[in-house]
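What follows is a set of notes on a single structure, which appears directly below.
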Amino acid sequence: MAGDDGLPSLGRVKLTDLIPSEGLPSDSYKLSVSTLSQSFAQYSAAVIQFPAADAALLRSSLDSARLYFQQREAYPSADMIHTNDSREWCKTSGYYADPQLWQETYDYRPGLTPIEPSNAMELPPGGLPDIFGLLGKAARGILDAMSYCLNLRSSPFTEILDNVPLRSREVSSSVLSVCCHARPSFHGAQHHNLTTQDDGQLMMFHDHDHQVDKSLISVVKSDKAGLHVRDFHGRWFLVDGDLGPQEAVVYPGLALYQATAGYVNPALHRTEINNIPGNMYGRCSLVFKLMPKSMTCLSCSEMRAAGHGVEAQFQIPVPVDDFMQRSHPTDQLFNRNTFQSFSFPTAQDGRQYFSICMQHFLIPVLVLEKAIK
């Protein structure tokens with residue numbers, strides 16, 4: 001997948017190695033941040049490894065999701081059919097279905113209690129508060145690691161993130177979406193595209209297959225492989241084909257792209273569904289999206305303070321609520337095919353944040369790796 005430079009495959013990082021400590025950064029921290037940043041630059045995604053003790057929580061949450069969706073009706077009522085209404089981005093909670101994507105979702109948003117259309121309280125999948133806390137902490141750690149890579153001050157995004165813990169009557173902006181793709185007993189629209197991969201394999205995707213999260217960071221754990229992300233060469237590849245029980249996929253979203261003046265590109269992703277219909281449960285996923293608060297602004301002031309160049313389109317702060325309701329055509333955000341491979345540029349390029357990371361990390365990392373060998 002990769003060229004001669006950079007990572008030969010998707011980067012894998014232990015979450016425990018991304019925990020910062022007082023004083024100078026450890027070699028393991030610098031190596032992990034370097035791997036994470038390179039993987040984001042080349043593949044728009046990375047794999048994070050949770051402590052082994054968290055594998056049981058991840059597995060039980062996916063088991064609970066399968067049971068939850070299996071007992072749902074084949075034909076959801078009209079008030080449960082939702083398309084992507086950007087005006088409701090910070091208010092979704094409970095069950096809804098999108099037949100066009102052949103997808104069902106249960107959104108867990110702390111501070112909101114979902115109510116069924118019949119005014120009865122809905123019984124959610126099990127373990128949601130625990131998995132929300134686990135994935136949320138991981139997402140914040142990854143965001144801080146990217147801040148270190150960009151030479152920003154510690155926790156530069158605190159002002160736009162939810163309080164930890166939430167204060168009285170606060171509603172979480174971040175959301176945990178428990179998703180089920182292509183449940184055979186769910187009668188969705190089932191419009192699909194057939195795509196031939198580089199190896200000649202025929203793959204099936206939804207008609208609306210190019211998706212970009214509007215999050216800062218997204219963390220995804222699925223019970224079956226099928227998540228494809230586009231790399232900086234413009235090629236699609238499977239990112240969750242060989243995940244261990246305590247591993248998950250992480251990728252940046254549009255809000256981080258805006259907050260970093262375009263230095264961190266968002267991931268384009270799509271879900272493969274051709275190997276699912278034979279399974280009685282479909283494909284279940286836990287998707288945590290670290291979101292900015294609605295009443296704040298996405299500003300590039302931290303980037304300017306760190307000495308990064310900020311182009312005109314990022315100069316004016318953007319209210320988060322406006323940003324979330326605005327459409328963002330992916331072909332206008334960036335052109336992946338123009339990316340160069342890892343190098344030591346003579347001048348900073350505002351789109352190639354990974355070159356900056358390489359200047360900060362590559363030489364000490366190579367020295368460290370040689371010492372280890």
- Item | side-chain contact (heavy atoms from CB on, under 4.5 Å) between Cys179 and Thr105, intermediate numbers included | CA-CA 4 Å; Cys179 305; Thr105 303; 4.0 Å; yes

- Message: With clusters defined by side-chain heavy atoms of hydrophobic residues (ILVMFWY) lying less than 4.5 Å apart, directly or transitively, does Leu36 cluster with Tyr29?
- Response: yes

- Message: On a heavy-atom basis, which atom in Leu18 and which in Ala145 lie closest, and how many Å separate them?
- Response: CD2-CB, 3.9 Å

- Item | Test item: His328 side-chain N/O and Phe323 main-chain N/O as donor-acceptor pair under 3.5 Å | yes

- Message: If you count heavy atoms of other groups shown closer than 6.0 angstrom to CD of Glu159, is the number above 12?
- Response: no

- Message: So, taking the atom named OG in Ser61 and the one named OH in Tyr68, what distance separates them when rounded to the nearest 0.5 Å?
- Response: 14.5 Å

- Message: Quick check against the 3.5 Å criterion: does Asp213 have a side-chain atom that pairs as donor or acceptor with the backbone of Gly253?
- Response: no

- Note on the structure: Correct closest heavy-atom pair for Pro252 and Ile217 would be CA-CD1, 4.2 Å

- Report yes or no: do Leu176 and Val171 belong to one cluster of Ile/Leu/Val/Met/Phe/Trp/Tyr joined by side chain heavy-atom distances under 4.5 Å? no

- Looking only at heavy atoms, which two atoms of Leu268 and Trp236 are closest? And how far apart? O-CZ3, 3.3 Å

- Considering non-hydrogen atoms only, spot the tightest contact between Met324 and Ala255 and give its length. CE-CB, 4.4 Å

- Where the side chain of Lys221 meets the backbone of Leu62, is there a donor-acceptor pair that is under 3.5 Å apart? no

- Item | Min side-chain heavy-atom separation Asp242-Val47 under 4.5 Å | no

- Item | Exam field: side chain Gln42 to backbone Leu7, donor-acceptor pair closer than 3.5 Å | yes

- Is there a path from Val175 to Tyr96 through hydrophobic residues (I, L, V, M, F, W, Y) whose side chains come within less than 4.5 Å of each other? no

- Item | Criterion ring pair (Phe, Tyr, Trp, His ring centres under 6.0 Å) on Tyr257 and Phe314, from CA distance to verdict | CA-CA 10 Å; Tyr257 169 83; Phe314 300 104; 5.7 Å; yes

- Message: Whether the side chain of Arg235 engages the backbone of Arg230 through a donor-acceptor N/O pair (distance < 3.5 Å, no angle test) should be reported.
- Response: no

- Query: Do Tyr43 and Val229 have side chains that get closer than 4.5 Å, going by heavy atoms?
  - Reply: no

- Task: Verify the ring-centre separation between Phe288 and Tyr108: is it less than 6.0 angstrom?
- Result: no

- Residue among Glu272, His269, Arg270 satisfying side chain to side chain donor-acceptor pair (under 3.5 Å) with His228: Glu272

- Task: Determine whether the side chains of Arg283 and Gln103 contain a donor N or O and an acceptor N or O closer than 3.5 Å.
- Result: no

- Item | Hydrophobic cluster identity match, Leu57 and Tyr106, side-chain contacts under 4.5 Å | yes

- Check whether any side-chain heavy atom of Pro51 lies under 4.5 Å from a side-chain heavy atom of Gln246, and answer yes or no. no

- Can you tell if the side chain of Met303 reaches within under 4.5 Å of the side chain of Leu152, non-hydrogen atoms only? yes

- Flag yes if Val250 and Phe157 sit in one hydrophobic cluster, no otherwise; membership is Ile, Leu, Val, Met, Phe, Trp, Tyr, and two members link when side-chain heavy atoms are under 4.5 Å apart. yes

- Looking only at heavy atoms, which two atoms of Pro266 and Ser44 are closest? And how far apart? O-OG, 4.2 Å

- Item | Check: Thr260 side chain, Leu256 main-chain N or O, donor-acceptor pair, under 3.5 Å | yes

- Query: Do the side chains of Val219 and Val287 get nearer than 4.5 Å, heavy atoms only?
  - Reply: no

- Message: Testing the 3.5 Å rule here: is there a donor-acceptor pair between the side chains of Glu247 and Gln49?
- Response: yes

- Item | Donor-acceptor pair, side chain of Ser64 and main chain of Gly126, under 3.5 angstrom | yes

- Task: For the pair Phe232 and Asn265, evaluate side-chain contact (heavy atoms from CB on, under 4.5 Å) and give the outcome as yes or no after the intermediate values.
- Result: CA-CA 9 Å; Phe232 79 102; Asn265 280 322; over 6 Å; no

- Query: Distance only, no hydrogens: is a donor on one side chain within 3.5 Å (strictly under) of an acceptor on the other, for Ser177 and Asp107?
  - Reply: yes

- Query: Does the Arg183 side chain pair with the main chain of His181, one donor and one acceptor, at a distance under 3.5 Å?
  - Reply: no

- Can Val320 and Trp89 be said to form a side-chain contact (heavy atoms from CB on, under 4.5 Å), step by step? CA-CA 11 Å; Val320 168; Trp89 72 272; 3.9 Å; yes

- Quick one: closest heavy-atom pair of Cys90 and Ser294, and the distance? SG-CB, 4.3 Å

- Message: Testing the 3.5 Å rule here: is there a donor-acceptor pair between the side chains of Ser172 and Ser174?
- Response: no

- Does a side-chain heavy-atom distance below 4.5 Å link Tyr148 with Pro20? no

- Message: Donor-acceptor pair, distance only, cut-off 3.5 Å: does the side chain of Asp240 make one with the backbone of Leu227?
- Response: yes

- Spacing of CD1 belonging to Ile142 relative to OG belonging to Ser37, to within rounding of 0.5 Å: 12.5 Å

- Query: Counting only N and O atoms by type, is there a donor-acceptor contact under 3.5 Å from the side chain of Gln315 to the main-chain atoms of Val310?
  - Reply: yes

- Query: Do Tyr251 and Ser218 have side chains that get closer than 4.5 Å, going by heavy atoms?
  - Reply: yes

- Out of curiosity, Arg304 CZ to Cys300 SG, how far, rounded to the nearest 0.5 Å? 6.5 Å

- Nearest-0.5 Å distance that lies between atom CZ in Arg12 and atom OG in Ser32: 14.0 Å

- Query: What is the distance from atom CG of Leu10 to atom OG1 of Thr35, rounded to the nearest 0.5 Å?
  - Reply: 11.0 Å

- Query: At what distance, to the nearest 0.5 angstrom, does NZ of Lys289 lie from CG of Leu216?
  - Reply: 12.5 Å

- Is there a salt bridge (charged side-chain N to carboxylate O under 4.0 Å, His left out) between Arg140 and Asp162 once you walk through the steps? CA-CA 11 Å; Arg140 286 176 181 253; Asp162 290 329; 5.3 Å; no

- Query: Between Leu161 and Leu143, does a side-chain contact (heavy atoms from CB on, under 4.5 Å) hold up when you go through it step by step?
  - Reply: CA-CA 11 Å; Leu161 294 176; Leu143 186 62; 4.1 Å; yes

